[in-house]
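Working notes, structure below.
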Protein chains: 2
Amino acid sequence: MAHHNIDIQSAFEAVCALFHNLQPHEKEKIRANFTCSYIKRGEIIFRDGEIPTGLVCLYKGKVKIFKEGVGGRDQIVRMAKPVGFFGYRAMFADENHIATAEALEDSIICTIERDCLLEILKTNADLTFHILKSLATELGFSNNRTITLTQKHIRGRLAESLLFLRDTYGLEDDEQTIKVYLSREDLANLSNMTTSNAIRTLSGFCNESVIELDGRRIKILDAYKLDRISNLG
Amino acid sequence: MAHHNIDIQSAFEAVCALFHNLQPHEKEKIRANFTCSYIKRGEIIFRDGEIPTGLVCLYKGKVKIFKEGVGGRDQIVRMAKPVGFFGYRAMFADENHIATAEALEDSIICTIERDCLLEILKTNADLTFHILKSLATELGFSNNRTITLTQKHIRGRLAESLLFLRDTYGLEDDEQTIKVYLSREDLANLSNMTTSNAIRTLSGFCNESVIELDGRRIKILDAYKLDRISNLG
DNA sequence: AATAAAATATGCTTTTAAACATCCGGTCGC
DNA sequence: GCGACCGGATGTTTAAAAGCATATTTTATT
């Protein structure tokens with residue numbers, strides 16, 4: 001790992017910037033309980049059932065968080081982007097993880113040791129409220145997502161997923177290509193469908209000139225139409 | 001409303017008991033911003049799109065929180081029981097409500113005015129952390145629920161809903177009858193299925209002697225079998 | 001470079017649950 | 001008392017998506 005030469009100081013500052021209203025002594029406390037590591041594409045960061053060891057932050061790369069469902073079918077419940085936290089829900093709820101986190105590309109993740117963070121939260125109401133707000137927002141997303149995944153048809157679900165990926169990771173310089181390269185299987189697991197149907201529907205969109213495909217590269221040609229499919233399909 | 005003679009003092013104490021670590025001056029502040037009202041069965045407490053006015057607490061009765069989905073099909077996202085809060089997610093996320101709350105039976109609800117509560121939270125880290133924890137737990141439920149509703153088959157979804165209702169509202173004195181009386185339509189909206197299918201599946205369970213039906217009264221005869229259907233069906 | 005393994009593509013079949021159509025029984029309002 | 005309406009029950013039809021089979025292409029491994 002050492003040969004990757006992670007710039008811990010930069011990572012530390014970037015992570016701390018996510019916290020608002022951090023007192024100097026709190027920052028030093030975090031520094032003393034802060035670790036960084038390099039994660040290769042495909043590696044597991046934590047597994048369903050494990051005890052959360054701390055607050056995980058993605059400094060570089062992309063991570064999917066998924067749950068294994070009925071008959072081994074995975075559902076992606078979250079896509080983490082840098083710089084942002086993930087895997088904190090279980091820690092705050094005082095539960096074991098209920099999902100698995102896997103790096104989608106080579107990534108750098110940082111961890112703030114659990115007890116250290118909890119101690120800071122016990123006295124910093126501002127910071128605690130900030131996290132509370134994030135959780136409330138996320139719960140809203142989750143509720144919306146439930147409706148989408150259960151009620152929209154395949155085309156609508158996939159269209160929404162593509163728009164979600166665009167909104168989460170942004171576009172390449174061409175202003176059209178979604179800045180994340182998922183396998184058809186991951187797209188399917190994000191959209192609650194089989195891999196076959198993801199492939200089929202994707203090539204359907206392609207025929208209708210809504211998107212353009214080049215391997216895992218997805219170019220959104222007609223965002224308006226994609227939005228319409230998402231909302232009415 | 002006055003003729004219903006709500007015991008505001010008892011309600012106030014019961015609601016405050018939900019908060020831990022409340023300072024005396026905070027309690028008085030809440031008392032000054034505390035209102036109670038009587039809600040008839042079928043009445044709407046708040047609607048999707050409205051601005052949250054405060055923290056709502058159910059003191060007596062039962063309330064369903066649902067979202068209208070594609071083609072007017074509702075999905076129940078939460079069932080509130082006394083004494084407990086609901087409708088707080090939107091307030092904490094600084095959003096408008098994304099769901100509608102309706103009383104399932106005659107109920108008494110109390111409201112703590114929004115700004116009053118937020119002020120208290122700004123300085124009471126303990127209390128804020130407590131709410132944070134609840135939200136984290138709820139987000140876990142929501143994620144689990146998404147998997148259930150998308151991946152389980154009709155029988156599994158309905159079985160899980162029945163067990164969920166039992167766990168939420170408990171059983172009558174006979175130790176078998178679920179202590180909530182939902183219409184077939186509500187059961188369907190809880191389980192992501194059409195009303196016809198809820199009726200059909202329910203009478204299926206009845207034929208298999210897993211449950212016993214008497215109108216809206218549902219008796220769980222074989223909890224073990226119901227659990228198995230939920231997990232494997 | 002050769003081979004194996006994984007990912008993608010596509011056609012066909014089957015299953016599931018929605019949609020639709022009645023029908024029944026109770027309740028409400030007039 | 002009558003008709004309208006609502007909730008519940010049940011059978012039939014239809015559509016959507018899963019499942020399965022099989023190519024083909026790409027990527028990884030030796």
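The basis for the numbers below is simple: all heavy atoms, side chains too, and nothing from hydrogens, waters or symmetry mates. Per chain, numbering begins at 1; letters A, B, ... match sequence-line order. Predicted model only: the values in this text are computed from it and were never measured.
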Can you check the Asn189(B) CG to dG8(D) P distance for me, whole Å? 12 Å
With sequence neighbours left out, the residues meeting side-chain hydrogen bond (donor to acceptor under 3.5 Å, both in side chains) with Glu43(B) are none
Check side-chain hydrogen bond (donor to acceptor under 3.5 Å, both in side chains) between Gln9(A) and all other residues, then give those that pass, not counting sequence neighbours. Glu13(A), Arg31(A)
Leu55(A) and side chain to side chain contact (heavy atoms under 4.5 Å, CB included): which single residue from Val15(A), Ile131(A), Ile112(A) fits? Ile112(A)
Among all residues two or more places apart in sequence or in another chain, which pass the side-chain hydrogen bond (donor to acceptor under 3.5 Å, both in side chains) test with Thr177(B)? Asp174(B)
List for me each residue that meets salt bridge (charged side-chain N to carboxylate O under 4.0 Å, His left out) alongside Arg145(B), sequence neighbours excluded, and say none if there are none. Glu160(B)
Sugar-phosphate or base contact per nucleotide [nucleotides 17-30 of chain D; S, B, -; heavy atom under 4.0 Å]: SBBB----------
Residue set satisfying salt bridge (charged side-chain N to carboxylate O under 4.0 Å, His left out) with Asp94(B), at least two apart, ordered chain then number -> Lys133(A), Arg114(B)
For Arg166(B), enumerate each residue passing the salt bridge (charged side-chain N to carboxylate O under 4.0 Å, His left out) test, keeping only those at least two apart in sequence or located in another chain. none
Quantified as the angle between the terminal helix axes (five pairs each), what is the overall bend of the helix from dA1(C)-dT30(D) to dC30(C)-dG1(D) to 10 degrees? 40°
Distance check needed: dT10(D) C1' versus Phe205(B) CZ, whole Å only. 17 Å
Selection residues 75-92 of chain B - residue pairs positive for salt bridge (charged side-chain N to carboxylate O under 4.0 Å, His left out), sequence neighbours left out: Arg78(B)-Glu138(B), Arg89(B)-Glu95(B)
Tell me: CD of Gln151(B) to P of dA17(C), nearest whole Å? 13 Å
So the side chain to side chain donor-acceptor pair (under 3.5 Å) pairs with at least one residue in residues 52-65 of chain B (sequence neighbours excluded) are Lys62(B)-Glu105(B), Lys64(B)-Asp186(B)
N/O to N/O distances under 3.5 Å, protein versus nucleotides 5-8 of chain C:
unit_1, atom_1, unit_2, atom_2, d
dT8(C), OP1, Arg216(A), NE, 3.2
dT8(C), OP2, Arg184(A), N, 3.0

Can you sort out the partners of Arg73(A) under salt bridge (charged side-chain N to carboxylate O under 4.0 Å, His left out), two or more places apart, ordered by chain and number? none
